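Quantities reported herein were computed from a predicted structural model and do not represent experimental measurements. Just so you know, residue 1 is the first one in the sequence shown, and it goes up from there. Only this structure's heavy atoms are used, side chains among them; waters, hydrogens and symmetry mates stay out.
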Amino acid sequence: MYKKGCINLMSSTGTVVKISGPLVVAEGMRDANMFDVVRVSSKRLIGEIIEMHGDRASIQVYEETAGLGTGESVESTGEPMSVELGPGLIGSIFDGIQRPLDDIRKVCGNNLQRGVEVPSLKREPVWEFTPAVSVGDIVEGGDIIGTVPETDIVLHKIMVPNGVSGKVKKIETGSFHANDIVCVIETEKGDKELSLIQKWPVRRGRPYKKKLSPDMPLVTGQRVVDCLFPIAKGGVAAIPGPFGSGKTVTQHQLAKWAAADIIVYIGCGERGNEMTDVLNEFPELIDPNTGKSLMERTVLIANTSDMPVAAREASVYTGITIAEYYRDMGYSVALMADSTSRWAEALREMSGRLEEMPGDEGYPAYLGSRLAQFYERAGRVISNGTQGREGALSVIGAVSPPGGDISEPVSQATLRIVKVFWGLDSNLAYQRHFPAINWLTSYSLYADSLADWYNNNVSVDWMKNRARFMEILHEEAELKEIVKLIGMDALSAGDRLKMETARSIREDFLHQLAFHEVDTYTSLKKQLYMMKLILNFNDEAAEAVRKGADIEAVSELAVREKIGRFKYVKEEDTDEEFSRLSVEISGQLDDLLRKEEA
């Protein structure tokens with residue numbers, strides 16, 4: 001970020017001629033470039049050039065512009081909006097333009113003041129740098145020159161910046177501040193000094209060697225996701241839903257339990273108390289894979305509803321650039337954006353102030369392309385560099401359509417891009433069925449490409465059981481229409497059994513308690529056992545009904561409640577409990593048949 005007092009030969013100075021909310025128009029900016037970062041007025045408000053006509057620049061100011069007048073100075077830094085990438089990102093909370101909120105609080109107290117300039121990454125901590133190359137080695141962009149233990153569970157890999165290649169002339173070892181020089185590379189253009197920090201423009205995706213096919217799931221521990229609507233590592237998903245349907249809780253669950261090495265959580269225009277929940281919960285939650293605090297692998301970007309609207313637009317780019325940086329190290333990264341609707345509203349406001357031709361419902365005509373540019377930065381890739389590390393960036397975006405109406409422009413533009421749709425249903429939420437993902441309207445286009453992984457790594461029966469679950473749930477929806485017209489008594493015994501099985505799937509399998517210490521996370525092995533218990537009961541009960549067992553008596557068997565409570569069984573006890581319940585199912589149905597015959 002530009003620092004006061006620095007001299008930049010490319011800088012351009014102009015004057016303000018018009019102010020409209022967060023939009024400032026300045027003249028005399030002929031030498032500036034599109035997307036340059038500027039400082040406005042003596043208060044040094046940070047902004048970004050988003051439109052240029054001759055020497056007149058339209059500037060999106062990321063801070064409150066109240067009190068500014070015409071004639072104020074505008075100074076370009078000559079650099080695009082960029083983020084600092086290096087040790088210290090993990091565990092930090094930034095605003096939408098990567099200003100550290102805790103450091104700003106130390107400077108100006110609880111109320112965020114304008115024009116505050118602090119480094120994005122803290123300069124005070126000392127990091128233990130261990131080199132991975134030697135003097136004389138040939139390196140290129142993306143190669144790892146050394147490592148820093150950022151937290152107990154994240155080893156930060158210091159990489160050669162993209163576009164730099166040459167011979168290692170000098171390499172240090174020991175303890176350093178983030179901005180200390182640790183390596184010198186001899187390039188064709190002269191010596192290049194490298195510190196632990198590098199910068200990258202947020203609006204440009206970081207390059208990679210190759211994009212891989214999405215054939216490996218991002219395991220989340222959420223049954224409705226892993227079983228029915230899986231997301232691939234490096235995939236993209238959307239969670240649309242009305243207010244109160246559980247978008248934020250679902251994203252919190254995915255952030256807590258998804259099989260990702262790094263979590264980047266972007267609170268984009270949402271209420272401040274939701275980010276507070278994250279800040280309060282994550283340090284206390286223990287990662288089941290590492291036994292450490294979840295905050296030790298999380299980066300938070302907070303641009304809540306009471307923060308400047310214009311900065312929402314930058315916040316998603318700030319977050320995804322940080323996520324790409326960790327992806328390039330070879331980590332699996334999951335990014336949560338809550339919510340892209342608020343981001344789109346910021347686009348709409350700035351588009352209106354620029355007097356652009358509006359599209360549907362006032363959103364800019366380029367809304368779809370901007371969303372696509374954001375989501376296409378996800379993927380499982382082979383990174384640049386001679387090592388060719390494999391990393392993944394999965395993006396999960398919440399959408400907040402007014403009244404839950406997904407026919408509105410943001411939802412429709414998102415659905416044209418993403419491959420997974422987890423449609424939240426207010427009726428399910430009112431029934432206290434969480435996650436309130438509607439199994440009749442949701443879908444995953446990754447399911448077929450993930451079939452081989454599930455069959456090879458979990459069970460050959462996985463996809464077959466999943467298909468049966470989906471079939472039973474859709475048949476239940478059809479049978480419910482008949483029941484509404486002519487009543488339950490008109491159904492055959494076989495159809496009534498399907499209704500009972502579907503109820504078991506809904507209430508025992510798809511319903512999952514986020515705040516229960518055991519039920520909050522379910523391994524794939526336990527999910528398979530749950531599917532088998534429900535389907536085994538269905539198959540054996542169908543045979544018993546065919547032999548004359550009363551459907552009412554079958555549905556009231558005591559073993560059904562035990563099947564329902566299997567989700568509360570601890571992971572280490574599932575093998576024994578599954579075997580016991582499998583025997584009990586057969587035993588109780590045989591006893592029922594003997595009573596019927598007697």
Side-chain angles (χ1 to χ4, degrees), residues 222-230 240-241 245-246 250 404 406 420-444 447 461-513 519 522 527-546 549-567 581 585 589 592:
Q222 310 307 300
R223 296 187 289 269
V224 66
V225 172
D226 293 339
C227 178
L228 299 189
F229 312 111
S245 59
T250 302
I406 63 168
V420 179
F421 170 67
W422 296 320
L424 297 177
D425 190 325
S426 57
N427 290 327
L428 287 174
Y430 295 150
Q431 295 166 21
R432 298 295 184 265
H433 179 109
F434 291 104
I437 295 174
N438 189 315
W439 47 88
L440 300 177
T441 58
S442 301
Y443 61 82
S444 170
D461 295 328
W462 181 275
M463 295 306 292
K464 182 175 70 176
N465 291 342
R466 174 187 180 272
R468 288 193 63 191
F469 264 32
M470 294 295 290
E471 181 184 3
I472 291 169
L473 290 169
H474 282 84
E475 286 180 352
E476 182 203 29
E478 296 171 2
L479 290 171
K480 276 184 175 179
E481 295 301 317
I482 298 173
V483 170
K484 285 178 185 177
L485 292 172
I486 56 178
M488 181 70 78
D489 294 338
L491 296 182
S492 66
D495 285 343
R496 290 182 69 179
L497 179 60
K498 285 180 184 175
M499 295 282 284
E500 287 295 326
T501 303
R503 184 166 70 90
S504 188
I505 294 172
R506 287 188 288 105
E507 296 179 1
D508 302 336
F509 186 83
L510 299 181
H511 181 271
Q512 189 166 356
L513 295 173
D519 197 35
T522 308
Q527 290 183 45
L528 177 67
Y529 282 166
M530 294 177 73
M531 285 194 284
K532 282 186 172 181
L533 285 173
I534 293 169
L535 292 174
N536 286 352
F537 180 84
N538 175 77
D539 295 342
E540 294 190 31
E543 181 65 20
V545 169
R546 190 183 63 79
D550 178 56
I551 182 60
E552 291 287 351
V554 168
S555 63
E556 292 173 2
L557 286 175
V559 73
R560 289 202 65 203
E561 183 180 348
K562 294 179 181 179
I563 292 172
R565 298 193 65 79
F566 185 79
K567 60 185 177 183
L581 283 178
I585 289 170
L589 286 168
L592 181 63

Participant: Gly564 and Asp508: which non-hydrogen atoms are nearest, and at how many Å?
Facilitator: CA-CG, 3.4 Å
Participant: Taking Arg560 for the side chain and Ser555 for the main chain, is one N or O donor matched with an acceptor at less than 3.5 Å?
Facilitator: yes
Participant: Any side-chain heavy atom of Val420 within less than 4.5 Å of one from Val225?
Facilitator: no
Participant: Within the 4.5 Å heavy-atom criterion, are Met470 and His474 side-chain neighbours or not?
Facilitator: yes
Participant: Can you check whether Gly423's main-chain N or O pairs, donor with acceptor, with Ser442's side chain at less than 3.5 Å?
Facilitator: yes
Participant: Find the distance between CD1 (Ile585) and CG (Asn538) and round it off to the nearest 0.5 Å.
Facilitator: 10.5 Å
Participant: Check Arg466 with Asp226, please: is the shortest side-chain N to carboxylate O separation under 4.0 Å?
Facilitator: no
Participant: Please name the pair of heavy atoms, one in Ala429 and one in Ser245, separated by the smallest distance, quoted to 0.1 Å.
Facilitator: CB-CA, 3.9 Å
Participant: Do Ser444 and Trp422 come within less than 4.5 Å of each other through their side chains, counting heavy atoms only?
Facilitator: no
Participant: A side-chain contact here means heavy atoms from C-beta on lying under 4.5 Å apart; do Val224 and Phe434 qualify?
Facilitator: no
Participant: What distance separates Gln431 CD from Ser426 OG, expressed to the nearest 0.5 Å?
Facilitator: 9.5 Å
Participant: Taking all non-hydrogen atoms of both residues into account, name the closest pair between Leu557 and Leu589 and its distance.
Facilitator: CD1-CD2, 3.5 Å
Participant: Side chain to side chain contact (heavy atoms under 4.5 Å, CB included), that's the test. Do Trp439 and Phe469 meet it? Break it down for me.
Facilitator: CA-CA 10 Å; Trp439 47 88; Phe469 264 32; over 6 Å; no
Participant: Keeping Lys567 on the side-chain end and His511 on the backbone end, is there a donor-acceptor pair under 3.5 Å?
Facilitator: yes
Participant: Taking atom CG of Leu473 and atom OG1 of Thr501, what is their separation to the nearest 0.5 Å?
Facilitator: 10.5 Å
Participant: Answer whether the closest heavy-atom distance between the side chains of Ile437 and Leu228 falls below 4.5 Å.
Facilitator: no
Participant: Go through the steps for Leu535 and Ile472 under the test side chain to side chain contact (heavy atoms under 4.5 Å, CB included), then give the verdict.
Facilitator: CA-CA 10 Å; Leu535 292 174; Ile472 291 169; 4.0 Å; yes
Participant: Roughly how far, to the nearest 0.5 Å, is NZ of Lys480 from CD1 of Ile482?
Facilitator: 13.0 Å
Participant: Is any NZ, NE, NH1 or NH2 atom of the basic residue among Arg546 and Glu543 found under 4.0 Å from an Asp or Glu carboxylate oxygen of the other?
Facilitator: yes
Participant: Looking only at non-hydrogen atoms, find the nearest pair between Ala477 and Leu440 and report the distance.
Facilitator: CB-CD1, 3.8 Å
Participant: Quick one: closest heavy-atom pair of Met531 and Cys227, and the distance?
Facilitator: SD-SG, 3.4 Å
Participant: One pair to check against salt bridge (Lys or Arg N to Asp or Glu O under 4.0 Å): Glu471 and Arg468. What are the steps and the verdict?
Facilitator: CA-CA 5 Å; Glu471 181 184 3; Arg468 288 193 63 191; 5.7 Å; no
Participant: Quick one: does any side-chain atom of Gln527 pair with a main-chain N or O of Thr522 as donor and acceptor, under 3.5 Å?
Facilitator: yes
Participant: Quick one: do Arg496 and Glu552 make a salt bridge, cutoff under 4.0 Å?
Facilitator: yes
Participant: Of all heavy-atom pairs between Leu424 and Gly246, which one has the smallest distance, and what is that distance?
Facilitator: CD1-C, 3.8 Å
Participant: If you round to the nearest 0.5 Å, how far is CD1 of Ile534 from CD1 of Ile563?
Facilitator: 7.5 Å
Participant: CE of Met499 to CD of Glu475: how many Å apart, nearest 0.5 Å?
Facilitator: 11.5 Å
Participant: Is a donor on one side and an acceptor on the other found under 3.5 Å between the side chain of Asp519 and the backbone of Leu513?
Facilitator: yes
Participant: With heavy-atom distances below 4.5 Å as the criterion, would you say the side chains of Arg223 and Leu510 are in contact?
Facilitator: no
Participant: Look at the side chain of Glu476 and the backbone N and O of Lys498, then say whether any donor-acceptor pair between them is shorter than 3.5 Å.
Facilitator: no
Participant: Answer yes or no: is there a side-chain heavy-atom contact under 4.5 Å between Thr441 and Asp425?
Facilitator: no
